[in-house]
Amino acid sequence: MAVQRTDPLLQNRPARPNEPGAKRDQPAGAMHESERRQMLATIEDLFRRTAARTGFGSAGSGVLEAMGRVPREQFVPPESAHRAYDDTALALACGQTISQPFVVALMTTLLRPRRDHRVLEIGTGSGYQAAVLSHLVREVWSLEVVPELAHAAATRLQRLGHRNVHVQAGDGTHGWPEHAPYDGIVVTCGGEAVPPALLEQLAPHGHLVMPVGPADDQRLLDVTRDRRGAVRLRDVLGVRFVPFVHLPAPAPQGAGDDARSIGLAAAADSAAAAFADLALAVSSLVVPARQVRPERRIEFACSATSPQQLLARWLDEVAWAMRRQELVFATFEVAVRGDSLRATGWGQPIEATGTTPRTDPRTWSLQDPRLERTATGYRASCRVATDRQPV
Ligand code: SAH
């Protein structure tokens, strides 16, 4: 979810009150402990109430215990940590979301996980679903299309000691054939259909769980395949997940499309102006700013624990708008206060510029964001690895 619930039962639950005052006297560990217990009770309740549709009156064996062991507050951005145990999807960087806990429990249950299983996940996101699975199965292989998210999740999972989870940045459309077959495959982004490669990589009698359908009518499907390859589908519940992203196929070897890395830098008298200029340089890798009309306005907000990290977040947000909304920019206005940033960008859909894009932002990875003080102000820089050199 990403899940904004399309199911009325899920939508109409009263929000659990957040009472900072009530929590203040408890040590941090104990505070999360009781919130985690409450989250598990909500999940059990939702299993009971949706049993007629899902076919499961309670979570699968060991699923709630596994969720009770994962510190969800470590998987959400610091500004959402106080809501980490609410039964709701929460925003991650790059416009992505960490799924609602009930949906994580349901998808995990549908996989029928066992200790000796090897599971493939498409859409690592924060790594939370993978962390839950890592307590239940032998090996988890997880693919994430946004390199920044893949990197952050891999680092987080390693720090928390999940040694049986393997994260890789890449398009999950083709699965991860090197480690197939998988006893279970969980897809945490919604697509129009189950990618055929994933079905091929599913072991006989394994379960593949995926949200399928148009954005306004997604169904969570439980798909199995028997030994002869016959596929059976079960429609479990209406859900809404972030969309499956399909990257263009990689260029054939020898076509001259080597990976290249381009260094960009902007110097200005304030950090905010350097942030704005660097973002414009990033956008100009696709369409030069002077060829973009400022006809659409986009608001940005992010925060971080250091100016350096703030620059990284800001560039992620801009790259995300370019990738997912296919926008390029004519100008940015940025305001930085402490470690948080608010910005407005004016631009156009790439297509509306009538210009051939110089590079494809969906193939980028942003690297080494750096903010330095200079004698006259600030210098912000980064590297962008792209699949081809700008023309
Ligand atoms: N499982 C995650 C929730 C992820 S939301 C968690 O527990 O936090 C869905 C994720 O799927 C997003 O991070 C999105 O970037 C990713 N995604 C979308 N299309 C993809 C694709 N083709 N291959 C791999 N990941 C993809």
Side-chain angles (χ1 to χ4, degrees), residues 1-4 63 66-67 70-77 80 84 87-108 110-111 119-136 140-157 160 162 165-177 184-198 201 209-212 215 218 220 239-250 316-317 319-321 323-325 361-365:
M1 173 159 215
V3 189
Q4 263 159 32
V63 172
M67 290 181 74
V70 179
R72 192 170 154 91
E73 73 280 4
Q74 306 263 348
F75 290 80
V76 302
S80 306
D87 190 46
T88 180
L90 292 170
L92 301 173
C94 308
Q96 299 307 319
T97 49
I98 174 170
S99 306
Q100 175 192 2
F102 169 66
V103 174
V104 173
L106 178 61
M107 291 176 91
T108 310
L110 291 166
L111 286 174
V119 170
L120 173 67
E121 177 186 33
I122 307 298
T124 319
S126 68
Y128 180 74
Q129 168 79 73
V132 171
L133 281 168
S134 90
H135 287 303
L136 293 160
V140 182
W141 307 90
S142 186
L143 285 170
E144 167 55 55
V145 75
V146 179
E148 296 86 341
L149 286 179
H151 179 72
T155 309
R156 178 179 297 128
L157 289 162
L160 294 172
H162 295 279
V165 181
H166 316 275
V167 178
Q168 187 167 291
D171 182 356
T173 312
H174 313 292
W176 197 337
I185 301 182
V186 60
V187 183
T188 67
C189 38
E192 286 292 328
V194 178
L198 297 186
Q201 291 169 30
V209 181
M210 175 174 174
V212 174
Q218 266 179 15
L220 188 61
V239 286
R240 183 146 347 137
F241 279 68
V242 296
F244 207 104
V245 176
H246 298 279
L247 293 185
D316 279 350
E317 293 296 322
W320 185 82
R323 280 191 193 115
R324 291 296 166 84
Q325 302 177 42
R362 291 171 303 176
T363 64
W364 286 359
S365 95

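As the structure lists them, so they are numbered: ligands from 1, and atoms in each ligand from 1. Please read all numbers here as calculations on a predicted model, not as lab measurements.
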Task: Numbered atoms and elements of ligand 1 in range of Q129, under 4.0 angstrom, heavy atoms - done: 1 (N), 7 (O)
Open item on the list: Within the 4.0 Å heavy-atom shell around D171, which atoms of ligand 1 are there?
Closed with: 21 (C), 22 (N), 23 (N)
TODO: Could you tell me the separation between the NE2 atom of H162 and the CG atom of L133, rounded to the nearest 0.5 Å?
DONE: 11.0 Å
Task: Numbering as shown, the atoms of ligand 1 that approach T97 to under 4.0 Å (heavy-atom distance) - done: 3 (C), 4 (C), 5 (S)
Open item on the list: Within a 6.0 Å radius of atom NE2 on H166, are there more than 12 heavy atoms belonging to other residues, nucleotides or ligands?
Closed with: yes
Task: Main-chain N/O of G123 paired to T188 side chain as donor or acceptor, under 3.5 Å - done: yes
Open item on the list: Closer than 4.0 Å to some heavy atom of G170 - which atoms of ligand 1 meet that?
Closed with: 23 (N), 24 (C)
Task: Atoms in ligand 1 flagged as close to T124, the criterion being non-hydrogen separation under 4.0 Å - done: 1 (N), 2 (C), 6 (C), 8 (O)
Open item on the list: Measuring from non-hydrogen atoms of R324 to any atom of ligand 1, is the shortest distance under 4.0 Å?
Closed with: yes
TODO: Report yes if some N/O of I98 lies less than 3.5 Å from some N/O of ligand 1; otherwise report no.
DONE: no
TODO: List every atom of ligand 1 that sits less than 4.0 Å from any heavy atom of V146, numbering the atoms from 1 in the order shown and giving each element.
DONE: 15 (O)
- [ ] Return yes if some donor-acceptor pair links the side-chain N/O of E144 with the main-chain N/O of V167 below 3.5 Å, else return no.
- [x] no
Open item on the list: So if I count the atoms of ligand 1 from 1 in the order they appear, which ones are less than 4.0 Å from some heavy atom of E121?
Closed with: 1 (N)
Open item on the list: Taking 4.0 Å as the limit for heavy-atom contacts, which would you say applies to V104 with ligand 1: side chain only, backbone only, both, or neither?
Closed with: neither
Task: side chain to side chain contact (heavy atoms under 4.5 Å, CB included) evaluation trace for R323 with W364 - done: CA-CA 9 Å; R323 280 191 193 115; W364 286 359; 4.1 Å; yes
TODO: Please state which part of L143 comes within less than 4.0 Å of ligand 1, counting heavy atoms only: side chain, backbone, both or neither.
DONE: backbone
Open item on the list: Considering both backbone and side-chain atoms of S99, is one of its nitrogen or oxygen atoms within less than 3.5 Å of a nitrogen or oxygen in ligand 1?
Closed with: no
Task: Per-atom contacts, ligand 1 versus C189 - under 4.0 Å to a heavy atom - done: 11 (O), 17 (N), 18 (C), 19 (N), 20 (C), 26 (C)
